[in-house]
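Values below: every heavy atom of this structure, side chains too, minus hydrogens, waters and symmetry copies.
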Amino acid sequence: MSGLVLKLNPKERVLVNGAVIENGDRRSRLSILTPNANILRLRDAIRPDEVNTPVRRICYIAQLVLSGDVEKADARLQMLRGIEQLSQALRDDDSRTHLDTATEAVDRDDFYRALKSLRNLLPREARLLAANQS
C-alpha cells in the first residue's frame, strides 16, 4: 500500500482537502490513499501573524493552497519567485537540496511536498536571522 500515513495524537486536528478533521481520544494512524490530496497538520500550520520571514512567507502560500484558500496557479508563480530569492541567500548544499526539491514539487503542483521541503529551512533561517541581529 502506498500513500501518505498520518500518525495523529489524541484530539489532533488535520486539514484534508479543506475539511478539518479531529482525531478521537486515542492515538491513531490514517492512510491517505487518494493521490494529490491536500493535507495539512494544523499543529504545524503557520498562523498569519507568524508570517514574518521569507521562508515562512513561502510556506504560508503553500498552506493557503492546501487549505483551498488560494488557487494553485496563483500560488505557483509567487512560490517560485520566493524560492528563487531564497536561493540567492541560502547557498549551502543542504539548503540548495531543499530548495531544488521544493521547486520540483511546485512544478508538479505537489504543494504538500514543497511545504515539507521548505519547512526544513526554518531552523537555518532562524539561526541566520539571529546571527544578523547580534
Residues which pass side-chain contact (heavy atoms from CB on, under 4.5 Å) with Thr97, listed by chain and number, not counting sequence neighbours: Thr101
Polar side-chain atom of Arg119 near backbone of Asp44 as donor-acceptor pair, under 3.5 Å: yes
Under 3.5 Å donor-acceptor, Asn9 side chain and Glu12 backbone: no
Spacing of CG belonging to Leu86 relative to CZ belonging to Arg81, to within rounding of 0.5 Å: 14.5 Å
Validation row: Leu42, Val20 side chains within 4.5 angstrom (heavy atoms): yes
Value rounded to 0.5 Å, distance of CG in Leu118 from CD1 in Ile83: 5.0 Å
Spacing of OH belonging to Tyr112 relative to CD1 belonging to Ile32, to within rounding of 0.5 Å: 9.5 Å
Any residue meeting side chain to side chain donor-acceptor pair (under 3.5 Å) with Asp25, in chain and number order, not counting sequence neighbours: Lys11
For the student: nearest non-hydrogen atoms of Ile61 and Ala75, plus distance: CG2-CB, 3.6 Å
Euclidean distance, Leu128 CG relative to Leu90 CG, rounded to 0.5 Å: 6.5 Å
Qualifying side chain to side chain donor-acceptor pair (under 3.5 Å) pairs with a residue from residues 68-80, counting only residues at least two apart or across chains: Ser67-Asp69, Arg76-Asp109
side-chain contact (heavy atoms from CB on, under 4.5 Å) against Glu104, all qualifying residues, sequence neighbours excluded: Arg108
Test item: Glu125 side-chain N/O and Val55 main-chain N/O as donor-acceptor pair under 3.5 Å: yes
Pairing residues for Ala45 by the side-chain contact (heavy atoms from CB on, under 4.5 Å) criterion, not counting sequence neighbours: Leu40, Arg47, Gln63
Other residues, nucleotides, ligands: >12 heavy atoms within 6.0 Å of Asp93 CG: no
Qualifying residues under side-chain contact (heavy atoms from CB on, under 4.5 Å), relative to Asp107, sequence neighbours excluded: Leu80, Thr103
Heavy-atom neighbours of Arg41 CZ exceed 12 at 6.0 Å: yes
Residue pair Phe111, Met79: steps toward the side-chain contact (heavy atoms from CB on, under 4.5 Å) verdict: CA-CA 10 Å; Phe111 291 90; Met79 288 187 68; 3.6 Å; yes
Beyond-backbone contact of Pro54 with Gln85, side-chain heavy atoms, under 4.5 angstrom: no
Any Ser31 side-chain heavy atom under 4.5 Å of Leu4 side chain: no
Side chain to side chain, Leu129 and Thr53, heavy atoms closer than 4.5 Å: yes
Flag side-chain contact, heavy atom, 4.5 Å: Val14 against Ile39: yes
Euclidean distance, Cys59 SG relative to Leu121 CG, rounded to 0.5 Å: 7.5 Å
More than 12 heavy atoms of other groups within 6.0 Å of Arg43 CZ: yes
Close side-chain approach of Leu8 and Arg13, heavy atoms under 4.5 Å: no
Distance-minimising heavy-atom pair for Ala102 and Ala114: O-CB, 3.8 Å
Leu115 and Leu66, any side-chain heavy atoms less than 4.5 Å apart: yes
Interatomic spacing from OG in Ser117 to CG in Asp110 - rounded to 0.5 Å: 10.5 Å
Leu30 vs Val5 side-chain heavy atoms within contact, under 4.5 Å: no
